[in-house]
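Step one of this worksheet: look at the structure below.
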Amino acid sequence: MSGGSVQPSRTSPSPVDAWHALLRNDVELTSAFCAELAARMRAKRLTFGDRVHCPFLRPFFISEPDEARVRPVAETIAVLGERVVEAALASRELLAQVGLSEEEERLARLEPGYKTASTASRLDAFLLPDSLQFAEYNAESPAGLGYAETLAEVFRSLPIMARFEERFRAESYPLSASILDALLASYRDWGGTSAKPVIAIVDWREVPTWSEFEILRERFEARGIPALVSDPRDLLFDGRTLSAQGRKIDLVYRRVLINDIVSKPAECKALVQAYESRAVCVANTLRCKIPHKKAFFAVLTDERNENLFNAAEHALIRRHVPWTRRLEDTRTTRDGQTVELLKYVRANRDNFVMKPNDEYGGTGVTLGWETEPSAWDAAIEKALADPDKAWVVQERIKVRREKFPHADPNGSVTMRDMLVDFAPYLFRGRLAGYLCRLSATGLANVTSGGGQVPAFRVSPRA
């Protein structure tokens, strides 16, 4: 490993330093070990397309005090997401701020049969010693939990983990059990009575995350709940029962995106008809699109909506949610001052990121501080000229970077300075664990080439 291993100090080392010091030149840092670890990940279906998820040789460690400050903030954002759903469906003015399309609004107004819009959600965040900053809220169909849990199991089985645990307690997160409990709770709220409802995990068979669905199916069935994985095109609805593979479905764990439901109505017809007929419980509901839009953070940070939140919630929003606005030619407020929005974001390019209101995988994201003034202006004009897509601008937030040992394709291990995207999972509004993604660029997501590491809550042994 270039630069040598990090050695512990004479006082108690940090978990990171302790782990790095345990990496042995003749074991973990060899090409043979890295190749064996990659093979083990492939055997466990820890792949995104053809790539293994984790080319790194260290987990992400979160301390108990850090988790204690993350939990109430993340859970509050989830509560606010549910509140905004209810308020937006009752207020056309508020709903307009979110930017749903006509068809998305029609789907959101279908009665799902129970109240919780987002059974599963995930906040993308950056955790620093003096701050916790959120970048986005995935309130619709957060991926990665099956991978995260399995990856933690792979790391826990390594000999280095046993040696690490001589000095630190390391706890992983039972994400598949937690999501199953949340899905069953939503099913019961919906009115489901089966003790063992058949769950269908539904998405396109071509998606690169299909292997995760198979992981979750196996884990659900290991807990005694029958499950299957189905493409929406293979669902059948006879007016009373939704079925696939010859089996009646009681509960749909919906991973197919609402964007696809809107763009491919014929392929998703059976799913939507069964949902509308209340013949099946679907989680997440189609109402989750409201807080899923990037403009949800604009709703939270816009003074027009101050009556939606109490004083403590306003303080939390100001501290943890970046100032966000729909990109449009309008006047708005910033820190109590009225500004011309377009003029303001043009003049303060280094302090803003621009994003489509509803995209995935970093698509269309423009980082002002990495963009020339002319290109920034052109991006603004292009966004304004797009009649079919809303955009948001969001203030720049602090990010976290850490050094991780990285296994290169040639088998050598080098220390790399990586951006750490720390994403709490929330199941029915309760913190359940984390997705941790690493990137050498300003965007951290698997589709743009970032890697994933497991998360462990650690504390020193007495």
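Predicted, not measured: the structure shown is a model, and the values here were computed from it.
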Side chains of [X] and [Y] only: does a donor on one sit below 3.5 Å from an acceptor on the other?
X: S186; Y: R428; answer: yes
X: T285; Y: Y114; answer: no
X: E111; Y: Y275; answer: no
X: N259; Y: K289; answer: yes
X: Y137; Y: S121; answer: yes
X: N348; Y: E395; answer: no
X: T338; Y: T333; answer: no

Electrostatic pair R106-E103, nearest N-O below 4.0 angstrom:
yes
Query raised in the report: Charged N to carboxylate O below 4.0 Å: is that the case for R156 and E165?
Result: yes
Heavy atoms of E149 and R219 approach each other most closely as OE1-NH1, 2.9 Å
Of all heavy-atom pairs linking E303 and G336, the shortest is OE2-N, 4.3 Å
Is the positively charged end of R396 above the ring of W369, judged by distance under 6.0 angstrom from the centroid and angle within 45° of the axis? yes
- Is R334 positioned over the aromatic face of W323, cation under 6.0 angstrom from the ring centre and no more than 45 degrees off axis? yes
With sequence neighbours left out, the residues meeting ring-ring contact (aromatic ring centres under 6.0 Å, His included) with F456 are none
Across all chains, not counting sequence neighbours, the ring-ring contact (aromatic ring centres under 6.0 Å, His included) partners of W210 are F213
Report task. Inspect the surroundings of CZ in R319 and state if more than 12 heavy atoms from other residues, nucleotides or ligands are less than 6.0 Å away. Result -> no
